[in-house]
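Since the structure comes first, as structure tokens, the remarks are kept for the end.
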Amino acid sequence: MSDLSHSLPEYNPQAVEAEAQSWWSDHDSFLAREDATREKFYCLSMFPYPSGRLHMGHVRNYTIGDVIARHQRMQGRNVLQPMGWDAFGLPAENAAMARGVAPAAWTLDNISYMRRQLQALGFAIDWSREFATCQPEYYRWNQWLFLRLLEKGLVYQTTGTVNWDPLDQTVLANEQVIDGRGWRTGAMVEKREIPMYYMRITAYADELLDALDGLSEWPERVRVMQANWIGRSEGVEIAFPFDPLTREAVGADGVLRVFTTRADTLLGATYCAVAAEHPLATVAARTNPELAAFIDECKRGSVMEADVATAEKRGMATGLFVRHPLSDARLEVWVANYVLMGYGEGAVMAVPAHDERDFEFSLKYGLAIRCVIRSKSGAYTDTTAPWQPSYAERGITTNSEGFDGLEFQQAVAAIASALEKKGLGQKRIQFRLRDWGISRQRYWGTPIPIIHCETCGAVPVPEDQLPVVLPEDCVPDGSGNPLRKRQDFLNCACPKCGKPSRRETDTMDTFVDSSWYFLRFPCADNQRAMVDERVKYWLPVDQYVGGIEHAILHLLYSRFWTRVMRDLGLVALDEPFAKLLTQGMVLNGIYFRKTEAGRLVYYHPTEVDDQEDSSGHRTVVLLADGQPVEPGGIGTMSKSKNNGVDPQTLVDSLGADTARLFTMFTAPPEQSLEWSDEGVQGASRFLKRIWKAVHAHVASGFAGPVAPGALNHFQKSLRRQVHQTLAKVSDDIGRRRTFNTAIAAVMELLNALNRAETSTPEDRAVVQEALELTVLMLSPIVPHICHRLWNVLGHPGAIIDETWPLPDPSALVAETREIVVQVNGKVRGRVSVASTATEAEVRTAALADGNVQRFVDGRTVRNVIVVPGRLVNVVV
RNA sequence: GCCGGUGUGGCGAAACUGGUAGACGCACGGGACUCAAAAUCCCGCGGCCGCGAGGUCGUGUCAGUUCGAGUCUGACCACCGGCACCA
């Protein structure tokens with residue numbers, strides 16, 4: 001064999017990959033055609049934002065999708081795996097500012113580069129269906145559907161809060177606000193209320209929540225996150241009537257409405273708190289400059305929920321009062337920064353004894369604490385200080401006038417009905433989910449099809465004037481939306497009265513684009529309709545693959561949008577994605593130095609020497625100067641941390657198959673994946689081993705078919721392993737989607753094959769069968785090398801058109817089994833018994849084992865537990 | 001802060017239904033081949049005790065359930081993802 005190996009052809013990934021790819025392209029292998037007679041499989045990976053080059057997250061995402069698609073194809077399904085581009089968005093505008101190129105040109109360049117990269121990775125994509133969301137042929141349907149929803153009242157206009165940079169006079173995205181300041185100007189960011197369009201996703205809240213139960217093929221964690229996001233809660237809306245003083249200030253009679261899930265604690269309310277944007281706060285601020293200043297300050301804060309929730313609790317009394325709806329006590333109204341205008345009524349009743357936030361707030365400002373719930377478990381008897389989580393438990397009402405001694409449910413019911421009688425409250429369901437604000441004050445997006453006329457107001461663009469085409473030659477400069485300076489875009493005639501009018505310059509959230517792109521792939525060539533009957537054949541998406549970071553927003557919006565289209569009669573579908581796989585992030589080491597100015601400078605892992613000596617002492621130095629660098633742990637590959645790995649370099653050096661194999665082998669798909677250059681080498685080494693094994697085998701001629709009856713013990717046992725591996729790999733790829741364990745099993749098999757005898761024709765027949773099955777099993781994962789090796793093994797056809805093999809059941813039968821013997825739960829021996837052995841025989845054999853006897857000897861056997869085919873536990 | 005996840009050798013991980021902890025790979029150590037190196041092939045590789053047979057401890061921490069717990073329950077700690085204008 002060593003003589004032969006010198007003459008074997010070398011594995012040259014570039015040549016092998018180019019050959020396979022041109023075969024696929026010459027034969028249109030990936031073209032998907034509708035065929036009602038065949039079972040379809042729509043395999044979709046989340047389309048990329050064309051940021052410039054592929055990153056490892058893309059490689060991982062699309063390899064997972066490709067493995068599933070190719071495996072399904074081999075199982076005889078009619079597979080559609082399309083690709084498109086999520087082409088609108090902020091990075092194009094940032095690149096435009098940095099380089100002075102128009103976002104359109106930048107985006108299109110990126111797309112053509114990244115398309116070549118995807119092709120070089122050998123993904124089985126049907127490119128005939130490709131589109132980008134920045135093409136008018138696509139986004140016109142965003143506009144069309146927007147107008148349909150406007151008619152139906154599912155789109156409406158109201159004000160929304162945005163980050164405002166006072167120097168640049170522009171709206172900032174959350175990521176453009178750094179420590180409360182504009183990223184370019186450094187000016188303190190303000191909150192500003194501006195008119196925006198909203199989609200009424202809350203109208204579907206119940207359905208979106210209930211349908212989660214039916215998504216049995218979605219990861220549990222995604223369903224839980226979505227359910228919490230929708231956040232249905234049953235509670236009571238309570239009206240606190242204005243005190244005479246408040247009536248005077250407001251100039252009218254009225255009530256302060258709050259929503260609470262804890263109506264049982266109503267008698268413990270000692271004050272009310274409203275958000276800074278609440279009308280009562282505005283009224284009070286008119287005559288109170290100090291309060292006005294405080295409200296102003298609150299409005300300057302971040303609009304992000306995380307910031308609001310972690311900010312120190314602050315507040316100020318308004319001097320206005322309301323009356324307790326049951327006790328008629330006078331309660332003061334406070335403005336508090338922990339009350340969100342966007343949830344419920346923008347006001348809460350504060351029960352310091354039984355709510356942690358209210359408790360903290362009342363301690364700080366010396367407000368009354370009134371305990372009205374008695375602990376069922378006896379965890380506490382009063383709630384004065386300090387806070388314990390048990391204070392918020394549901395207990396028994398006490399100190400609550402006529403409502404004492406009731407359990408949670410009864411208390412809520414009794415108090416709600418008392419309130420209802422007085423006309424001061426009723427049971428209500430509240431969702432945490434808010435309507436979806438889709439207006440963006442940005443250039444690179446779908447224009448909102450509205451015309452503003454001085455006489456007629458906001459007028460929808462008539463259908464025959466769609467699409468409203470976005471001019472593609474603008475170069476944003478950071479000071480507001482460049483569309484506002486484009487007279488040719490702005491000026492138009494009012495569709496109603498014909499007077500000169502102005503076009504809306506806001507564009508749509510890019511989540512609109514990604515909320516229905518999967519419905520467009522089946523019919524991307526249709527210029528007359530948004531979707532057509534081909535959607536019925538391909539949808540739902542059978543397997544959707546994408547990052548866990550999309551678990552809530554993108555997936556929820558897509559589920560909403562699909563239902564909206566269903567209700568417009570456009571599709572006959574509730575849920576767009578039958579099965580979901582959320583892949584983990586790709587991580588790499590982080591290294592940095594702190595400059596004298598306190599700024600962090602990040603170094604790429606390849607620029608750093610990171611070593612640990614035998615005593616565990618870690619030395620990290622920069623290769624360039626030998627001076628120390630700080631290790632920053634491990635984190636998501638990103639530009640900002642300078643720890644990304646360019647897939648292109650890897651594909652150019654070791655090949656696409658190595659890149660694919662490494663990402664599939666190193667971690668299970670749902671977990672995060674740590675980059676390792678040594679691991680990549682290992683993947684490449686494995687491919688070389690397979691290459692060599694196949695060539696070495698055929699170098700001495702092809703073997704005949706296996707004759708199972710003629711095999712000796714060793715041949716049988718090897719063949720059993722081959723078919724066991726096939727069974728495991730089929731299950732791992734097809735059901736469990738644990739590609740890492742599938743690959744590990746094939747590696748084990750190859751190790752066994754390399755040790756196998758190859759002297760007799762029977763030996764060689766078993767090996768030939770094993771190599772053929774190995775190449776078939778690996779072909780979805782490393783398709784290029786398998787394409788070649790299949791031919792080398794003597795098959796004239798292409799492996800992509802082969803059928804997925806089935807294990808031979810007769811090969812799986814074993815004559816003996818090894819049983820583990822434990823004494824008191826500790827392994828003390830192993831015995832080999834016939835597969836057909838009875839429980840009594842297994843038990844006898846176990847007790848007869850020498851080492852087992854040592855531990856049993858002289859003690860009483862109390863119990864013997866026999867787990868058939870696995871182990872025996874002797875309890876003494 | 002809230003919601004979700006993760007935690008196992010020097011490292012990435014495996015153990016799928018409560019039943020042999022560490023498969024497979026990486027790194028490392030030893031050997032073969034070589035003038036030498038690389039590549040390749042073979043062997044070893046959780047800690048401690050023991051010449052060995054074997055023993056003993058060990059799955060983030062602390063408790064619990066069980067004949068038996070990485071797996072189930074409760075409390076806690078650390079890290080990661082999302083939090084509505086990044087996509």
Side-chain angles (χ1 to χ4, degrees), chain A residues 2 5 46 48-49 51 86 88-91 94 160 162-163 171-177 219-222 224-225 227-229 231 303-311 338 342 356-357 433-437 439-442 509-511 514 547-554 556-557 584-585 587 612 614 616 633-636 662 665-668 670-683 685-686 688-689 692 731-732 735-736 738 740-741 743-748 751 754 818-822 824-827 830 851 854 862-865 867 870-875:
Chain A
S2 57
S5 63
M46 291 180 185
Y49 178 80
S51 55
D86 190 12
F88 275 137
L90 198 53
N94 295 341
V162 293
N163 303 307
V171 174
L172 298 177
N174 282 338
E175 73 159 14
Q176 296 174 322
V177 180
E220 175 72 12
R221 58 169 164 167
V222 175
V224 171
M225 279 195 257
N228 289 332
W229 186 262
V303 298
M304 289 170 70
E305 189 190 324
D307 295 332
V308 175
T310 49
Y338 68 93
E356 186 166 10
R357 289 162 307 176
L433 182 69
R434 309 200 294 260
D435 276 336
W436 174 17
S439 295
R440 296 291 180 271
Q441 298 67 45
R442 266 185 267 293
D509 181 5
T510 56
F511 273 121
S514 55
I548 183 66
E549 68 275 17
H550 295 292
I552 296 173
L553 293 181
H554 162 62
L556 191 64
Y557 291 147
M585 319 282 274
L587 313 176
E612 203 167 312
S614 48
I634 227 150
T636 316
F662 171 75
F665 175 63
T666 306
E670 311 234 284
Q671 260 178 51
S672 53
L673 181 150
E674 246 178 79
W675 191 257
S676 149
D677 285 322
E678 292 78 18
V680 172
Q681 290 298 331
R685 200 173 298 147
F686 173 69
K688 282 183 209 153
R689 274 155 57 86
K692 208 159 110 182
D731 187 48
D732 283 354
R735 177 183 64 90
R736 297 177 66 208
T738 51
N740 56 326
T741 53
I743 294 164
V746 176
M747 285 175 168
E748 256 181 285
N751 290 342
N754 282 338
E818 188 177 77
I819 303 290
V820 165
V821 189
Q822 298 180 331
N824 286 344
K826 296 197 174 186
V827 180
R830 292 178 171 81
N851 202 44
R854 266 180 54 206
R862 291 179 183 220
N863 195 6
V864 178
I865 292 153
V867 181
R870 277 191 174 270
L871 65 62
V872 175
N873 189 13
V874 183
V875 186

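Note on naming: letters A, B, ... go to the chains in the order of the sequence lines (proteins, then strands), and numbering restarts at 1 for each one. Keep in mind the model is a prediction, meaning the values are calculated, not measured. The figures here come from the full heavy-atom set of this structure, side chains too, leaving out hydrogens, waters and symmetry mates.
- The side chain of A:Asn740 places an N or O atom within less than 4.0 Å of a non-bridging phosphate oxygen (OP1 or OP2) of B:rA14.
- Across all strands, A:Pro48 comes closer than 4.0 Å to no nucleic acid atom at all (heavy-atom distances).
- Residue contacts for A:Arg434: at a heavy-atom cut-off of 4.0 Å it reaches a base atom on one of the strands shown.
- Here B:rA87 presents its P atom at 12 Å from OH of A:Tyr557, a figure rounded to the nearest Å.
- Using a 4.0 Å heavy-atom criterion, one finds that A:Leu673 contacts no nucleic acid atom at all.
- Contact between the side-chain N/O atoms of A:Arg440 and the OP1/OP2 oxygens of B:rA87 is not found at any separation under 4.0 Å.
- Spacing between atom CG of A:Asp509 and atom C1' of B:rA87 amounts to 10 Å, rounded to whole angstrom units.
- Along RNA chain B, the nucleotide nearest to A:Glu356 and the one nearest to A:Glu305 differ in position, and the one closer to the 5' end is contacted by A:Glu356.
- Annotation: side chain of A:Val222 is in contact with side chain of A:Ile548 (closest heavy-atom distance under 4.5 Å).
- No contact: A:Ser676 has no heavy atom under 4.0 Å from any strand.
- In this structure, A:Leu90 reaches the sugar-phosphate backbone alone: every heavy-atom distance under 4.0 Å involves primed, P, OP1 or OP2 atoms, never a base.
- One can place CE of A:Met747 at 7 Å from C1' of B:rC24, the figure rounded to the nearest angstrom.
- Distance CG (A:Asp307) to P (B:rC83): 12 Å, rounded to an integer number of Å.
- In this structure, A:Val308 reaches neither bases nor backbone, as no heavy-atom distance under 4.0 Å exists between it and the strands shown.
- Among the heavy atoms of the strands lying under 4.0 Å from A:Glu748 are primed sugar atoms or P, OP1, OP2 only; no base atom is included.
- Among the heavy atoms of the strands lying under 4.0 Å from A:Met304 are primed sugar atoms or P, OP1, OP2 only; no base atom is included.
- The nearest whole Å value for the distance from the CG atom in A:Asp677 to the C1' atom in B:rG25 is 15 Å.
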**Report entry** Footprint string (nucleotides 41-59 of chain B, 5' to 3'): B base within contact, S backbone only, - free, heavy atoms under 4.0 Å
**Finding:** S------------SSSS--

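- As judged by a 4.0 angstrom heavy-atom cut-off over every strand, A:Val820 is placed among the base-contacting residues.
- Projected onto RNA chain B by closest heavy-atom contact, A:Asn863 and A:Glu818 fall at different nucleotides, the more 5' of which corresponds to A:Glu818.
- Residue-level contact check: A:Phe511 touches the bases, meaning some heavy atom is under 4.0 Å from a base atom.
- With pairs defined as Watson-Crick or G-U wobble and both atom distances under 3.5 Å, the stems of at least three pairs that touch RNA chain B come out as B:1-7 with B:77-83, B:10-12 with B:24-26, B:28-32 with B:40-44, B:46-49 with B:54-57, B:60-64 with B:72-76.
- Glycosidic conformation of B:rG54 is anti; the angle lies outside 90° of 0.
- Rounding to whole angstrom units, NZ of residue A:Lys688 and P of B:rA38 are separated by 15 Å.
- Taking the side chain as every heavy atom from C-beta outward, A:Leu673 and A:Phe662 approach each other to under 4.5 Å.
- Using a 4.5 Å cut-off on side-chain heavy atoms (C-beta onward), A:Arg689 and A:Met747 make no contact.
- Atom P of nucleotide B:rC26 and atom CZ of A:Phe686 are separated by 11 Å, given to the nearest angstrom.
- Contacts of A:Arg862 with the nucleic acid, taken as non-hydrogen atoms under 4.0 Å apart, are absent.
- The distance between atom CD of A:Glu670 and atom C1' of B:rA13, rounded to the nearest whole Å, is 16 Å.
- Backbone-only engagement by A:Tyr49 is indicated by non-hydrogen atom pairs under 4.0 Å involving sugar-phosphate atoms exclusively.
- Nucleic acid contact for A:Ala551: none, since no nucleic acid atom lies under 4.0 Å from a heavy atom of the residue.
- Between A:Thr741 and the phosphate of B:rA14, there is no side-chain N or O to OP1/OP2 separation shorter than 4.0 Å.
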Report summary line: Expected string for nucleotides 68-82 of chain B under the B/S/- scheme (protein heavy atoms, under 4.0 Å, primed atoms plus P, OP1, OP2 as sugar-phosphate) is -------------SS

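- A donor-acceptor pair under 3.5 Å is absent between the side-chain atoms of A:Gln671 and the main chain of A:Pro668, judged by distance alone.
- Put simply, A:Gln671 has a side-chain N or O that comes within less than 4.0 Å of OP1 or OP2 on B:rA13.
- Side-chain contact between A:Gln176 and A:Asn163 is absent, with no heavy-atom pair separated by less than 4.5 Å.
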